Amino acid sequence: MTAETLLARDLMATALITVPPDMPVSSIARLLGERAISSVPVTDAAGKLLGIVTEADLLRRVAGAEDPARSWIARLLRDNDNEALRYAKTHGRIARDLMTTDLITAGPEASVGHCAQLMEKRRVKRLPIVTPDGRLVGMVSRADLLFAAMEPPAEIGTTRNLDARIRLALKKEIDREPWAHSLYVFPDVKDGVVTFHGFVQSDAVRRGLCVLASRIEGVRDVVDQMEKAPPFLPGEFV
């Protein structure tokens with residue numbers, strides 16, 4: 001498998017944090033801070049994507065208190081719909097009031113190139129992956145696209161295809177396990193050997209990552225070069 005053949009479903013994270021539309025704003029802000037994430041999807045009980053609440057949405061709510069008074073000309077030329085939406089975003093108390101609903105999405109079968117083009121054009125950090133009926137099934141991030149860019153074209157007589165498959169399977173397993181998804185752990189794969197670099201939160205997570213990697217088909221060995229994370233590192237999980 002090469003970068004040219006990867007699809008959104010191959011790269012997308014499926015262990016997603018979502019919130020219901022009636023979740024209080026204060027709880028959303030706490031969630032973003034504790035999980036060190038910049039946005040969270042809003043879904044209904046059936047998993048249908050309704051919108052996304054971002055850090056920018058929360059900041060707009062705080063900054064709205066300092067907005068200057070409108071001039072009489074501005075009030076005369078006002079757009080009632082825009083004014084009402086602005087009021088809801090700056091005074092809302094639940095996710096439904098603040099969330100951004102003008103979303104760009106892609107399907108699971110979209111190519112990585114198409115996802116990258118959409119994200120570049122709309123300047124978004126994460127792209128929701130939805131089924132034809134609007135159900136959220138995954139999320140592709142800029143980091144995922146960087147992963148795809150790392151994969152060189154396959155060459156005859158090399159182990160790159162195997163390493164690429166191992167790297168992709170490893171990413172999927174890490175995304176599936178919330179305890180394993182860290183900002184500071186960087187796995188590398190060469191000739192069937194998985195090497196973990198970076199900082200790890202605890203010996204338990206270190207052990208779990210090594211076991212996780214060893215269970216992937218094709219892995220010949222797992223090398224642990226991770227160091228214990230210093231206390232000043234912020235936001236361990238994303």
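Just so you know, residue 1 is the first one in the sequence shown, and it goes up from there. These numbers come from a predicted model, not from an experiment.
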Determine, step by step, whether Met226 and Val185 satisfy the side chain to side chain contact (heavy atoms under 4.5 Å, CB included) criterion, reporting the C-alpha distance in whole Å, the side-chain angles of both residues, the deciding distance to 0.1 Å, and the verdict.
-> CA-CA 7 Å; Met226 296 177 287; Val185 173; 3.9 Å; yes
Non-neighbouring partners of Thr18 that pass side chain to side chain donor-acceptor pair (under 3.5 Å), sequence neighbours left out |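 Applying side chain to side chain donor-acceptor pair (under 3.5 Å) to Thr18 gives none.
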Establish whether [X] and [Y] are linked, either directly or via other cluster members, by ILVMFWY side-chain heavy-atom contacts under 4.5 Å.
X: Met12; Y: Val130; value: no
X: Val40; Y: Leu58; value: yes
X: Ile174; Y: Val193; value: no
X: Met139; Y: Leu11; value: no
X: Val200; Y: Val189; value: yes

Distance from [X] atom [atom1] to [Y] atom [atom2], nearest 0.5 Å?
X: Arg96; Y: Thr101; atom1: CZ; atom2: OG1; answer: 12.0 Å
X: Leu136; Y: Ile129; atom1: CG; atom2: CD1; answer: 8.5 Å
X: Ile28; Y: Ser39; atom1: CD1; atom2: OG; answer: 11.5 Å
X: Glu109; Y: Asp10; atom1: CD; atom2: CG; answer: 8.5 Å
X: Glu173; Y: Leu170; atom1: CD; atom2: CG; answer: 8.5 Å

Non-hydrogen side-chain atoms of [X] and [Y] separated by less than 4.5 Å:
X: Arg176; Y: Leu212; result: no
X: Asp57; Y: Ile52; result: no
X: Arg126; Y: Pro41; result: no

Can we say Asp175 and Lys171 salt-bridge, meaning some charged N sits less than 4.0 Å from an Asp/Glu carboxylate O?
->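 Answer for the salt bridge query: yes.
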Derivation and outcome, side chain to side chain contact (heavy atoms under 4.5 Å, CB included), residues Thr195 and Lys190 = CA-CA 8 Å; Thr195 303; Lys190 185 175 182 180; over 6 Å; no
Side-chain donor/acceptor of Asp144 to backbone N/O of Ser141, under 3.5 Å =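 At least one qualifying donor-acceptor pair exists.
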For the pair Arg142 and Val124, evaluate side chain to side chain contact (heavy atoms under 4.5 Å, CB included) and give the outcome as yes or no after the intermediate values.
-> CA-CA 9 Å; Arg142 289 182 179 179; Val124 294; over 6 Å; no
Mind jotting down which residue pairs meet the side chain to side chain donor-acceptor pair (under 3.5 Å) criterion with at least one end in residues 210-227? Sequence neighbours excluded, please.
->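 Matches after skipping sequence neighbours: His197-Gln225, Arg206-Asp224.
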Evaluation steps, side chain to side chain contact (heavy atoms under 4.5 Å, CB included), between Val194 and Ile216 = CA-CA 10 Å; Val194 176; Ile216 294 174; over 6 Å; no
Just wondering, more than 12 heavy atoms not from Gln117 lying within 6.0 Å of its CD?
->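 12 or below, so no.
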Is atom CZ of Arg207 surrounded by more than 12 heavy atoms (other residues, nucleotides or ligands) closer than 6.0 Å?
->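 No, the 6.0 Å shell around CZ holds no more than 12 heavy atoms from other groups.
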